[in-house]
Amino acid sequence: MLDKTFDPAAAEPRLYRQWEESGAFAPTEDPAAAPFSMVIPPPNVTGSLHIGHALNNTLQDVLIRFARMRGMAALWVPGTDHAGIATQMVVERQLAAEGNIGRRDLGREAFVERVWEWKAQSGGAIVNQLRRLGASCDWSRERFTLDPGLSAAVRKVFVTLYREKLIYRDKRLVNWDPHFQTAISDLEVEQREVDGHYWHLAYPLEDGSGEIVVATTRPETMLGDTAVAVHPSDERYKHLIGKCVRLPIVGRPIPIIADEYADPEKGSGAVKITPAHDFNDFKVGQRHHLPMINVLDAYARVNDNAPPGYRGLDRFAARKKVIADIEALGLLRGVEPTRHAVPHGDRSGVAVEPWLTDQWWVDAKVLAAPAIGAVETGETVFEPRHWEKTYFEWMRNIEPWCVSRQLWWGHRIPAWYGPDGHIFVAETAEGAAAQAREHYGRDEPLRQDEDVLDTWFSSALWPFSTLGWPEPTEDLKRFYPTHTLVTGFDIIFFWVARMMMMGIHFTGKVPFRRVFINALIRDAEGAKMSKSKGNVMDPLELVDVYGADALRFTLTAMSGQGRDIRLSKQRIEGYRNFGTKLWNAARFCQMNGAVAVEGFDPAAVTHVVNRWVRGETLKAVREVTAALDACAFDDAAGALYRFIWNLFCDWFVEFAKPILNGEDDAAKAETRATAAWVLETILKLLHPVAPFITEELWAQIAPEGRPRERLLIVEAWPELPDTWADPAAEAEIGLVIAAVTEGRSVRAELNVPPGARPDLIVAEASPAQAQAQALRANAQVIAHTLRSGALRFEDAVPEGAIAFVAGGVALALDVKGLIDLPAERARLAKEIATQASDIDRTARKLGNADFIGRAPPEVVEENRERLAAAEQAKARLQAILARLETVG
RNA sequence: GGGCGGCUAGCUCAGCUGGUUAGAGCGUCUCGUUUACACCGAGAAGGUCGGGGGUUCGAACCCCUCGCCGCCCA
């Protein structure tokens with residue numbers, strides 16, 4: 001006998017082990033099986049599972065389990081990302097905490113070794129956390145972005161793109177993170193609103209004929225100014241164009257130039273130009289061939305290109321000094337407070353500097369073109385579709401991608417420099433040496449580029465590098481392109497777009513057919529979860545308390561498309577209860593000997609309750625299947641919830657009770673077998689979302705002595721014939737349900753004592769034959785669920801009975817002496833009013849010639865029927881009320 | 001400034017290509033221990049679908065406009 005509740009803590013680890021040991025996570029070898037593959041968005045190797053991972057991986061697991069049960073060769077490739085800057089940051093912090101030296105003092109080799117140690121120590125954590133969640137990844141294929149194979153793929157891609165001139169080295173402005181002393185890509189920069197000032201600085205004209213005032217939020221950059229720009233059509237300054245000002249403090253003469261970048265509406269209309277420290281100014285500088293004077297070093301301290309008094313000053317100290325000096329010179333023309341956006345490094349949190357350096361760039365524009373096309377043609381589709389707009393928006397305006405990072409943890413760039421600076425790009429040092437020999441005519445010492453690649457460079461190859469590319473492996477042949485990618489919208493640019501570009505460029509095929517964008521999880525108040533706010537929900541704690549299934553079901557049910565998820569414990573608790581409900585329904589089946597019967601054919605059932613539930617099961621199977629096919633996870637969860645709780649438990653189990661306790665042995669046996677069959681179908685349907693409890697029940701409800709041949713995880717997904725739809729049974733049981741529901745409502749409203757078992761009267765001389773038959777045939781079932789007495793057929797509602805209408809049939813509960821007359825009158829009056837308003841509304845509609853003329857005939861007919869039914873119901877109720885008046 | 005979402009019951013959300021009596025869960029209230037389940041059962045209350053226009057026989061759904069809220073990109 002089952003316990004009263006499921007014990008997830010005890011069962012989950014056992015079940016997971018069972019799955020893993022059974023080999024169920026690997027794709028079937030069956031060559032006839034259609035492939036269904038996914039790659040996991042690799043979490044940071046040293047990270048830990050947060051609630052967003054839980055959502056993302058639950059949805060993937062739902063998909064992969066669904067595919068597996070459908071007999072597909074289901075492969076979910078797991079793995080982790082080395083997460084360059086994030087991981088390096090953690091280890092550097094560790095070093096600092098230990099009072100140790102910085103990484104530069106430690107040296108590259110020792111530092112990288114240290115990171116590997118940290119990876120070895122913490123790297124398994126997140127993978128085990130995925131197991132706790134029930135993720136059925138094929139762990140035998142687990143990959144890490146720094147694995148030898150994946151690293152080889154990275155080098156191959158780099159070298160190929162270099163040869164194709166799609167990767168090049170260039171000196172340009174980059175976003176420089178002075179904290180990490182590395183370049184970062186545009187995507188790693190976030191704009192933060194900060195309070196600042198507009199300082200108005202006067203630059204005296206060189207000829208002494210006056211001054212020109214410029215406004216800036218970054219006065220320290222004036223040390224690197226090489227021009228002042230005014231709008232060409234700005235009458236105020238036209239006469240000054242071509243003249244020079246003498247840059248205060250520095251003393252350098254710089255020209256006044258005409259450029260449309262200067263906005264006459266802003267400030268004085270004149271703008272200082274610092275090409276080496278501002279992206280807009282850089283463009284102006286290029287247009288006008290201005291010198292680019294870099295005045296900051298890698299730490300954002302003022303360098304030797306500035307006057308001596310400034311050298312070595314931090315940028316913020318330099319700002320203060322510039323202001324002070326300008327003021328002392330009498331050139332400060334005003335200060336106004338302002339709030340403006342300042343670019344910050346997303347990891348370091350410090351203001352980034354536009355800084356002029358040599359970096360490696362990927363020509364994203366060229367790679368983007370076919371990636372845009374693939375989504376335009378629908379070769380890859382986004383789900384929900386509207387994310388395609390976001391994708392297009394970015395891809396169509398894509399900028400070159402800075403891929404070099406001045407870090408140590410990552411894929412070292414496969415480029416070597418000769419003594420004269422000549423670049424040799426090759427997959428190996430030997431290859432580079434060979435090129436150099438060719439180039440110089442002799443061996444020359446080469447120096448490998450110190451930099452590593454952006455983490456997202458290797459991530460971009462993930463769908464094919466994990467399958468073995470560039471080797472033509474079996475996996476690659478069978479499982480690429482992958483079927484679906486499940487990820488968050490926050491990495492559409494970082495990751496999805498780049499996989500599209502690299503995938504198409506290197507394999508000629510899109511990396512995935514479908515991209516499902518899952519929602520972002522927030523707390524119950526709608527705030528983004530963050531450690532600093534202290535509102536994070538640890539998925540593992542939730543698993544501890546409620547079980548993995550409850551968390552999974554909650555996340556699935558709440559994953560409505562394109563919307564934030566507000567997660568609350570209350571909700572999880574509700575779905576935990578749902579599991580218990582199912583558990584107890586199974587317990588009921590078990591107590592009643594409802595076990596799977598060998599050779600049972602649901603097609604052959606005859607009892608109307610069984611025929612009905614068979615049809616409802618068919619509907620549920622269709623609904624859940626269609627929903628999962630469409631990634632409509634919330635619909636799938638909703639359909640499961642309703643079918644299991646509101647249909648199977650609330651109605652079928654109740655209907656089964658009188659049959660199982662009755663005298664008809666054939667009906668009993670059939671109902672037991674049907675119940676067992678529906679339950680097993682439920683376990684299959686629910687398994688992708690709630691794998692643990694279903695697998696456990698699958699084992700526990702197996703008939704004594706006959707263990708299951710297979711685990712539920714590899715059972716076949718239900719496919720039921722459409723012929724099992726049974727409109728007649730549906731109509732019959734529908735009437736029963738309506739009668740019981742209405743009857744209960746009436747009982748409650750009139751305070752009929754709960755213990756009373758009043759007779760149910762079919763109060764009409766001649767109800768429709770089918771309906772009368774239906775009620776008669778289900779008298780037992782009705783009596784049980786309505787808690788009524790005998791079912792009687794009478795010509796009219798007898799005195800003292802409370803009448804109601806269900807499914808068009810006039811019914812009454814014979815509660816002589818028990819009813820509260822005034823309450824009953826009020827109830828009837830209210831009911832009549834409801835019908836009257838419906839009649840009114842419908843009649844008005846039907847009275848409208850336009851409606852009759854233009855609405856589709858079936859809609860008109862529908863309304864006619866409704867009107868007739870309402871009028872009939874109203875008439876009946878009025879008659880009863882009238883009689884009640886005379887009685888009372 | 002550009003773009004994308006959202007605004008439906010006290011709360012969280014469903015409502016597909018216009019025709020439902022606008023739904024669910026939670027919460028609230030009333031009743032209930034009927035041998036699967038109190039992590040339960042039965043019933044009830046609760047919404048002018050953000051405001052205003054328009055299209056249509058008919059709008060929560062389509063169009064315009066305004067107002068908030070959130071996110072992304074400048």
Side-chain angles (χ1 to χ4, degrees), chain A residues 1-2 4-6 186-187 189-191 279-280 341 343 384 386-390 392-394 397 489-490 492-493 519-520 522 524-528 546-547 550 554 557-558 560-571 573-592 594 630 632 634-635 637-638 641-642 645-646 649-650 653-654 656-657 661 675 740-755 757 784-787 834-835 837-838 841-842 844-856 858-860 862-863 866 870:
Chain A
M1 175 63 61
L2 291 168
K4 274 201 172 183
T5 55
F6 173 56
D186 294 343
L187 289 176
V189 174
E190 58 182 42
Q191 300 294 333
F279 286 98
N280 289 312
H386 71 80
W387 289 110
E388 290 178 4
K389 290 182 193 165
T390 304
F392 286 139
E393 183 68 18
W394 188 68
N397 298 296
F489 59 80
D490 49 333
I492 288 178
F493 307 149
L520 181 73
R522 296 166 177 279
E525 274 70 53
K528 205 166 171 171
Y546 302 103
T554 307
M558 299 188 77
Q561 301 188 339
R563 187 183 266 284
D564 296 342
I565 296 178
R566 299 195 181 192
L567 194 61
S568 71
K569 291 195 174 176
Q570 210 178 31
R571 195 79 187 239
E573 194 176 300
Y575 289 121
R576 187 270 320 267
N577 297 352
F578 169 66
T580 305
K581 185 75 181 174
L582 170 65
W583 184 265
N584 279 287
R587 195 159 170 267
F588 169 84
C589 290
Q590 199 183 35
M591 289 170 77
N592 285 280
D634 51 338
D635 288 346
Y641 189 95
R642 285 191 301 275
W645 198 317
N646 302 131
C649 294
D650 288 350
V653 165
E654 292 308 320
K657 283 176 185 173
N661 294 328
V740 171
T741 305
E742 279 300 312
R744 282 170 174 169
S745 177
V746 163
R747 275 185 77 131
E749 270 179 66
L750 297 175
N751 294 316
V752 174
R757 285 187 156 269
H784 175 259
T785 45
L786 180 55
R787 307 202 56 68
T834 306
Q835 297 291 348
S837 85
D838 194 28
R841 190 175 39 246
T842 314
R844 228 176 350 190
K845 211 184 254 188
L846 288 166
N848 182 341
D850 281 331
F851 175 71
I852 302 293
R854 301 189 196 212
E858 61 272 20
V859 173
V860 175
E862 201 180 290
N863 277 276
R866 181 192 296 172

Restricting both atoms to N or O, compile the protein contacts to nucleotides 55-62 of chain B shorter than 3.5 Å, with distance only.
{"from": "C57(B)", "atom 1": "OP1", "to": "R854(A)", "atom 2": "NE", "distance (Å)": "2.9"}
{"from": "C57(B)", "atom 1": "OP1", "to": "R854(A)", "atom 2": "NH1", "distance (Å)": "2.0"}
{"from": "C57(B)", "atom 1": "O2'", "to": "N848(A)", "atom 2": "ND2", "distance (Å)": "2.9"}

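With A42(B), U12(B), A36(B) as the choices, the nucleotide that has an atom nearest any side-chain atom of M558(A) turns out to be U12(B). Of the candidates C72(B), A36(B), G5(B), the closest approach to any side-chain atom of H386(A) belongs to G5(B). Side chain of N577(A), nearest nucleotide from C39(B), A36(B), U12(B): C39(B). Side-chain atoms of R587(A) lie closest to A36(B) of the nucleotides A36(B), G43(B), C39(B). Considering only the side chain of K581(A), C40(B) comes nearest among C31(B), C40(B), C4(B). Among A36(B), G5(B), G41(B), the nucleotide with an atom closest to any side-chain atom of W645(A) is G41(B).
The distance from atom CZ of F493(A) to atom C1' of C73(B) is 7 Å, rounded to the nearest whole Å. Rounded to an integer number of Å, the gap from N397(A) CG to C73(B) C1' is 9 Å. Regarding D650(A), its CG atom lies at a distance of 11 Å from the P atom of C40(B), rounded to whole Å. If you measure from atom CG of D635(A) to atom P of C16(B), you get 11 Å, rounded to the nearest angstrom. Distance R747(A) CZ to A42(B) C1': 9 Å, rounded to the nearest Å. Following rounding to the nearest Å, E742(A) (CD) and A44(B) (C1') show an atom-to-atom distance of 13 Å. Rounded to an integer number of Å, the gap from CD of E749(A) to C1' of G32(B) is 17 Å. Straight-line distance from the CG atom of N646(A) to the C1' atom of A14(B): 14 Å, rounded to whole Å.
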Exercise for review: Please report the C-alpha distance between K657(A) and T785(A) in whole Å, then the side-chain angles of each, then the deciding distance to 0.1 Å, and finally whether the side-chain contact (heavy atoms from CB on, under 4.5 Å) criterion is met.
Suggested key: CA-CA 9 Å; K657(A) 283 176 185 173; T785(A) 45; over 6 Å; no

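A gap of 12 Å separates the P atoms of U8(B) and U48(B), to the nearest Å. Taking atom P in both G25(B) and G18(B), the straight-line distance is 28 Å, to the nearest Å. With P as the reference atom, U35(B) and U28(B) are 26 Å apart, rounded to whole Å. With both ends at atom C1', the span from C72(B) to G10(B) equals 32 Å, rounded to whole Å. With both ends at atom P, the span from G1(B) to C16(B) equals 33 Å, rounded to whole Å. Atom name C1', nucleotides A59(B) and U17(B): the rounded distance is 15 Å, in whole Å. Spacing between A74(B) and C13(B) at atom C1', rounded to whole Å, works out to 34 Å. Rounded to whole Å, the C1' atom of A24(B) lies 11 Å from the corresponding atom of A9(B).
Looking at heavy atoms from C-beta onward, W394(A) lies out of side-chain contact with I492(A) at the 4.5 angstrom threshold. Side-chain contact between K4(A) and T580(A): absent, with no pair of heavy atoms (C-beta onward) separated by less than 4.5 Å.
Nucleotide G41(B) forms a pair with C31(B), judged by Watson-Crick or G-U wobble geometry with both contacts under 3.5 Å. Across all strands shown, the partner of C71(B) is G3(B), judged by Watson-Crick or G-U wobble contacts whose two distances both fall under 3.5 Å. With a cut-off of 3.5 Å on both pairing distances, A36(B) has no Watson-Crick or G-U wobble partner at all. Across all strands shown, C61(B) forms no Watson-Crick or G-U wobble pair with both distances under 3.5 Å. The pairing partner recorded for U12(B) is A24(B), the criterion being a Watson-Crick or G-U wobble arrangement whose two distances lie under 3.5 angstrom.
Nucleic acid contact for T390(A): none, since no nucleic acid atom lies under 4.0 Å from a heavy atom of the residue. Counting any heavy atom pair closer than 4.0 Å across all strands shown, C649(A) reaches a base atom. As judged by a 4.0 angstrom heavy-atom cut-off over every strand, Q570(A) is placed among residues touching the sugar-phosphate backbone only. Base contact: E654(A) has a heavy atom under 4.0 Å from a base atom.
A pairwise comparison of heavy atoms in L786(A) and V740(A) identifies CD1-O, 3.6 Å as the closest pair. The minimum heavy-atom distance linking W583(A) with F6(A) is given by the pair CZ3-CD1, 3.5 Å. For the pair P343(A) and V189(A), the tightest heavy-atom approach, listed with the atom from each and the gap, is CB-CG1, 3.5 Å.
Side-chain atoms of R576(A) come within donor-acceptor range of the base of C39(B), with a qualifying N/O pair under 3.5 Å.
With ring centers used as reference points, Y546(A) lies 6.0 Å or more from Y575(A).
Neither OP1 nor OP2 of U35(B) sits under 4.0 Å from any side-chain N or O of K657(A). The phosphate of C26(B) (OP1 or OP2) has no side-chain N or O of K569(A) nearer than 4.0 angstrom.
Listed for the T554(A) side chain is a donor-acceptor partner under 3.5 Å among the backbone atoms of A550(A). Judged by distance alone, with hydrogens and angles left aside, the side-chain atoms of R787(A) form no donor-acceptor pair with the main-chain N or O of G755(A) at under 3.5 Å. Between the side chain of R747(A) and the main chain of P753(A), a donor-acceptor pair closer than 3.5 Å is present.
Mapping G574(A) and W583(A) onto RNA chain B via the closest heavy atom, the residue that lands nearer the 5' end is G574(A). Along RNA chain B, the nucleotide nearest V653(A) and the nucleotide nearest V740(A) are compared for position; the residue whose nucleotide lies closer to the 5' end is V653(A).
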